[in-house]
2 protein chains.
Amino acid sequence: MFSSIDPRSPVPLYEQIAARIRVAVAAGEFLPGDTLPSVRALAQSLRVNPATVVQAYRDLATDGFVETRHGQGTFIQEVSGSKRDQERSLQATELVRRLLQDAARRGITVDDLSRAFATETGAQVHE
Amino acid sequence: MFSSIDPRSPVPLYEQIAARIRVAVAAGEFLPGDTLPSVRALAQSLRVNPATVVQAYRDLATDGFVETRHGQGTFIQEVSGSKRDQERSLQATELVRRLLQDAARRGITVDDLSRAFATETGAQVHE
DNA sequence: AGCAGTGTATTGGTAGACTGATACACTTGG
DNA sequence: CCAAGTGTATCAGTCTACCAATACACTGCT
């Protein structure tokens with residue numbers, strides 16, 4: 001199930017793991033209340049250090065995606081769809097702010113970004 | 001003129017320098033053919049290592065913003081407005097692609113990004 | 001209490017980005 | 001030709017993110 005981890009990718013292992021779990025939850029492979037594989041089990045399965053899995057789980061917990069209970073395990077969190085939407089929206093805003101800062105530093109205008117965004121996503125943007 | 005360099009900023013010094021020059025050119029403080037301060041002169045003026053200025057100049061040269069001639073100096077490049085626009089557009093696309101990848105990794109949808117982009121920039125986005 | 005399962009905390013090693021120091025190579029003017 | 005200006009190349013130090021290794025702490029079951 002978690003076979004798609006690439007140690008040579010520039011993407012950190014813990015991010016790959018967290019992303020994989022997010023997708024699995026979205027796909028309904030996990031339901032609220034389900035327990036994720038234990039830190040050690042998943043680490044062994046992925047041939048990765050337990051601490052790396054811990055970091056992935058911690059990120060998910062920070063997002064409220066998952067709840068960890070010391071000594072018990074890590075559980076898929078029950079959250080309302082609206083709250084999850086709100087969380088994603090917040091993160092999206094953060095990402096976009098970073099984009100705007102990066103762009104400004106390089107002398108790229110908002111218009112340039114709008115056009116690029118439109119072509120890359122297929123969406124239409126206008127003032 | 002280049003007093004706005006902050007060593008404690010998380011933004012690398014060479015990026016700050018390059019950005020400052022881009023702005024200066026855009027503001028018309030430099031005209032095509034003008035020579036930039038020498039690597040050593042600017043380095044001393046900013047209390048920074050010459051190699052740091054070199055990196056800034058190299059980045060600008062890679063963008064075609066500037067041309068460096070060994071033994072002579074670094075010159076503002078004469079480029080047509082359209083070519084410069086095209087270059088900015090390319091960089092914008094690259095930034096947006098990175099944004100989309102980052103977002104995908106975190107389970108953030110294009111819609112989330114569109115909305116965030118719209119609110120952050122004031123632009124209107126719709127399908 | 002003890003054991004086997006779970007997550008947690010601390011520490012160290014590795015790799016890459018950033019910056020500085022130094023020596024090198026090219027060009028121009030006298 | 002040479003001196004003084006210019007950019008260039010290479011190496012070393014520092015810092016940070018990432019990952020691994022190890023020891024620790026909590027929970028539930030018997």
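All values below come from the heavy atoms of this structure, side chains included, with hydrogens, waters and symmetry mates left out.
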Please list, chain by chain and in numerical order, all residues satisfying side chain to side chain donor-acceptor pair (under 3.5 Å) with E87(B), sequence neighbours excluded. none

Ignoring hydrogens and geometry, is there a side-chain-to-backbone donor-acceptor pair from T119(A) to A116(A) under 3.5 Å? yes

side-chain contact (heavy atoms from CB on, under 4.5 Å) filter on R84(A), not counting sequence neighbours, yields V25(A), F65(A), V79(A)

Would you list the atom pairs, donor with acceptor, under 3.5 Å between side chains in residues 69-77 of chain A and any protein atom, with sequence neighbours excluded?
none

Please report the distance, rounded to the nearest Å, between CD in Q44(A) and C1' in dG7(C). 17 Å

Students should find that the end-to-end axis angle of the helix from dA1(C)-dT30(D) to dG30(C)-dC1(D), with five pairs defining each axis and rounding to 10 degrees, is 10°

Short side-chain N/O contact from T68(B) to OP1 or OP2 of dT8(D), under 4.0 Å: yes

Please name all residues satisfying salt bridge (charged side-chain N to carboxylate O under 4.0 Å, His left out) with D85(A), sequence neighbours left out, ordered by chain then number. R88(A)

Could you check how far CZ of R8(A) sits from C1' of dA15(C), rounded to whole Å? 17 Å

Whole Å only: how far is the CD atom of E67(B) from the P atom of dT27(C)? 13 Å

Side chains of residues 55-62 of chain A: which donor-acceptor pairs under 3.5 Å do they make with residues two or more places apart or in other chains?
from	atom 1	to	atom 2	distance (Å)
Y57(A)	OH	P37(A)	O	2.7
T62(A)	OG1	R58(A)	O	2.9

Which residues pass the side chain to side chain donor-acceptor pair (under 3.5 Å) test with T35(B), sequence neighbours left out? none

Who are the side-chain contact (heavy atoms from CB on, under 4.5 Å) partners of R105(A), not counting sequence neighbours? D102(A), V11(B), E15(B)

Spacing between F75(A) atom CZ and dC26(D) atom P, to the nearest angstrom: 17 Å

Residues which pass side-chain contact (heavy atoms from CB on, under 4.5 Å) with A103(A), listed by chain and number, not counting sequence neighbours: I108(A), L113(A), L95(B)

Using side chain to side chain donor-acceptor pair (under 3.5 Å) as the criterion, list what pairs up with S82(A), not counting sequence neighbours. S80(A)

Heteroatom pairs (N/O) under 3.5 angstrom, protein to nucleotides 14-21 of chain D:
from	atom 1	to	atom 2	distance (Å)
dC18(D)	OP2	Y14(A)	OH	3.0
dC19(D)	OP1	L13(A)	N	2.6
dC19(D)	OP2	L13(A)	N	3.1
dA20(D)	OP2	N49(A)	N	2.9
dA20(D)	OP2	T52(A)	OG1	2.8
dA21(D)	N7	N49(A)	OD1	3.3
dA21(D)	N7	N49(A)	ND2	3.4

Please list, for nucleotides 3-6 of chain D, all pairs of protein and nucleotide N/O atoms separated by less than 3.5 Å.
from	atom 1	to	atom 2	distance (Å)
dG5(D)	N2	G71(B)	O	3.1
dT6(D)	O4	R40(B)	NH2	3.4

Does R106(A) come within less than 4.0 Å of D63(B), counting only side-chain N to carboxylate O? no

Distance check needed: dT19(C) C1' versus L42(B) CG, whole Å only. 15 Å

